[in-house]
Amino acid sequence: MLAAEWIVEGETKYDMFAWDMARFGQWAGKAFTKARVGDQYAHRFKIHFPGEEREAGRPVRTRPVYEMQRDMKAKMGLNYGWEHPLYFGDVEDTAGFTRQPWWDVVGAEARMLRDRAGIIDISNFAKYVCNGPDAEDWLNAVFANRMPKAVGRSCLTPLIGKRGGIAGDFTVTRLAEEEFWIIGSGMAERYHQRFFKEIPLPLGTTFESCTDAMCGFNVAGPDSRALLQRLTNTSLGTDAFPFMRSQWIEVAGVKTLALRVSFTGDLGWELHCRAEDQIRLYTALIDAGADMGVGPVGSRALTSLRIEKGYGSWGREYSPEYWPQEVGLDSLVKMDKDFLNKAAVEKTIAEPSREPLVLLHLDEANVRASGADATGGEPIFRDGVGIGRVTSGAYGYSVGMSLALGFVSGAKPGDLVDVMVLGRSHRAKILEKPPFDPDGTRLRS
């Protein structure tokens, strides 16, 4: 049925990305494929755990700072072929249903960023540049939100699927009158190309991926401004560099595109540079932060930080299965303009939410007893009746709460529900606001 839907209608009613060949790129050559197939065959009856990393065929893609990060004791994971830091420390990477030995190491990274600042490698984000006299019109025809009018401004925008769901979420920045910078999910880059190709590019306008050519770091936390100000002559004060703005600046002599935004939900900047400048920029950031108690932060801590803020992630909370109003993106869908799959979203956005996205706080006593946090996939019950499921979960180290994002029907903030973690009922409360910086004061400070 799903294969037929895919062929005839162009999209399945359920998210099939885990079966989609688009999750591999040209980097998945014969050697990698042979190694992975052999590994899969050898472990086909093995129990697999949340966060499990398989070593077969790796490394296949590395950035210039790879060896430097390994020297800093980075434990690596695989993200669309790229070797990417999970955390930094001497503790071996293990996988299991309960909290692992690296749990405290990840917690130290998360607390460091919230208390001072942290440096996160975000080179695995997909990055695109659109140039030309009709760049704005073409992007408006692709994305649901209205593109920024002023140079240096950014916007968040959904990409709508054929059935009116969320096919992707992007940050679009206007770099010049005819130039735009687009950032999206790295693992979905090939998948998203299908949508981009549905709208023909006007003559004289170009759209190209620069994911391989450009690298990036997110410097975030209350001391991020002070750290970066050591390395640049550009004023980073709120008046000079407000939230959701961008500038080309020099950081430690490296030409860098700086965006005032952070997936951590904290004060921060994304810094994007050429791949050949990555080591120089990373070295400068690490050295500048050393006496401030600031260091590198991996992707596992980032997961905890974004869940503390209630931020969704593509492939978890954002998916073609979910409608804009169910994930809080409906205000970014501008129905007064034309865009890709507008007719489909006109129907879905007019409907009431089936299962709105919520943030849950799991009972501390239950979590201590099981030694486990929700990670995704756990069912949610109320009064013995299934009402939803968890999509992402982690311990919120800076707020001292075991948290989970998930979809529920017939429940509202303040309600008590049960999340089944490892088959055990964990009492949970649906939160009205995220526990970290609920009003965005720190984010915009």
Side-chain angles (χ1 to χ4, degrees), residues 2 5 9-18 143-145 155-171 184-185 188 191-192 195 263 265 303 306-335 339-361 374-382 385-394 403-419 428-435 438 440:
L2 292 171
E5 287 178 353
E9 301 176 34
E11 186 176 278
T12 56
K13 64 166 60 74
Y14 302 123
D15 185 354
M16 293 290 288
F17 186 75
F143 294 118
N145 200 356
C155 76
L156 303 176
T157 180
L159 178 70
I160 301 300
K162 290 184 177 295
R163 294 175 179 270
I166 303 296
D169 63 302
F170 295 80
T171 302
S185 168
Y191 167 77
H192 285 146
F195 295 86
F263 198 33
T303 295
R306 64 106 175 162
I307 292 174
E308 289 179 346
K309 185 64 175 172
Y311 284 169
S313 178
W314 194 87
R316 292 280 190 158
E317 290 73 40
Y318 302 149
S319 152
E321 286 190 39
Y322 307 130
W323 298 342
Q325 67 273 32
E326 293 172 339
V327 295
L329 297 182
D330 47 318
S331 65
L332 304 180
V333 178
K334 307 303 182 184
M335 301 304 296
F339 55 86
L340 186 64
N341 298 321
K342 178 182 177 181
V345 82
E346 274 183 323
K347 297 177 181 177
T348 58
I349 208 166
E351 297 291 330
S353 295
R354 301 160 300 179
E355 295 178 326
L357 180 65
V358 298
L359 182 60
L360 303 118
H361 173 207
T375 58
E378 294 87 355
I380 303 171
F381 291 85
R382 186 173 64 178
V385 178
I387 62 168
R389 65 213 166 277
V390 170
T391 47
S392 295
L403 299 167
L405 284 163
F407 292 90
V408 299
S409 60
K412 62 185 186 303
D415 285 356
L416 294 176
V417 296
D418 293 289
V419 179
K429 182 178 181 180
I430 300 176
L431 301 179
E432 185 172 358
K433 292 183 177 182

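Note that the structure is a prediction, hence the values are computed from the model and not measured.
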### Query
Near E351 CD, under 6.0 Å, is it more than 12 heavy atoms from other residues, nucleotides or ligands?
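Check passes, neighbour count above 12.
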### Task
Count the heavy atoms belonging to other residues, nucleotides or ligands that lie under 6.0 Å from NZ of K429, then report whether that count exceeds 12.
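Incorrect, the count does not exceed 12.
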If every non-hydrogen atom of [X] is compared with every non-hydrogen atom of [Y], which pair is closest and at what distance?
X	Y	result
V390	A404	CG1-CB, 3.9 Å
A428	V419	CB-CG2, 3.9 Å
G310	P434	N-CB, 4.1 Å
G164	V345	O-CG2, 3.7 Å
K162	A344	O-CB, 3.2 Å
A394	T303	CB-CG2, 4.5 Å

Side-chain heavy atoms of [X] within contact of [Y], under 4.5 Å:
X	Y	result
V333	P158	yes
D169	S185	no
H361	P435	no
V417	F381	no

Under the side-chain hydrogen bond (donor to acceptor under 3.5 Å, both in side chains) test, which residues partner [X], sequence neighbours left out?
X	value
Y318	none
E326	R354
E5	K13
R382	D415

#### Entry: Candidate pair L405 and R316, rule side-chain contact (heavy atoms from CB on, under 4.5 Å), full reasoning
CA-CA 9 Å; L405 284 163; R316 292 280 190 158; over 6 Å; no
### Task
For side-chain contact (heavy atoms from CB on, under 4.5 Å), just list the numbers for L360 and L431, CA-CA rounded to whole Å, side-chain angles, deciding distance to a tenth of an Å, and then say yes or no.
CA-CA 6 Å; L360 303 118; L431 301 179; over 6 Å; no
### Message
Walk me through whether W323 and L329 qualify under side-chain contact (heavy atoms from CB on, under 4.5 Å).
### Response
CA-CA 8 Å; W323 298 342; L329 297 182; over 6 Å; no
I'd like to check the side chain to side chain contact (heavy atoms under 4.5 Å, CB included) partners of [X]; sequence neighbours left out, ordered by chain and number.
X	result
P356	S353
K342	M335, D338, F339, E346
V408	V358, I380, I387, A411, I430
A167	L159, Y191, F195

Restricting to salt bridge (charged side-chain N to carboxylate O under 4.0 Å, His left out), what partner residues turn up for [X], sequence neighbours left out?
X	answer
E378	none
D418	R427
E355	R389

#### Entry: Pairing residues for H192 by the ring-ring contact (aromatic ring centres under 6.0 Å, His included) criterion, not counting sequence neighbours
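In terms of ring-ring contact (aromatic ring centres under 6.0 Å, His included), with neighbours along the sequence ignored, H192 is linked to F170, W314.
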#### Entry: Pairwise distance CD(Q325) to CG(L357) - rounded to 0.5 angstrom
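It comes to 12.5 Å.
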### Interatomic distance, S392 atom OG to L403 atom CG [nearest 0.5 angstrom]
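These two atoms lie 11.5 Å from each other.
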### Query
Between the side chain of E321 and the main-chain N/O of D15, is any donor-acceptor distance below 3.5 Å?
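Yes, E321 side chain to D15 backbone: donor-acceptor pair under 3.5 Å.
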### Task
Please check if any side-chain donor atom of N145 sits under 3.5 Å from a side-chain acceptor atom of T157, or the reverse.
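Judged by distance alone, the side chains do not pair up.
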### Message
For L340 and I160: C-alpha separation, side-chain torsions, deciding distance, then whether side-chain contact (heavy atoms from CB on, under 4.5 Å) applies.
### Response
CA-CA 7 Å; L340 186 64; I160 301 300; over 6 Å; no
### Query
Can a salt bridge be assigned to the pair E9 and R163 using a cut-off of 4.0 Å between side-chain N and carboxylate O?
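Judged by the 4.0 Å cut-off on N to carboxylate O distance, E9 and R163 do form a salt bridge.
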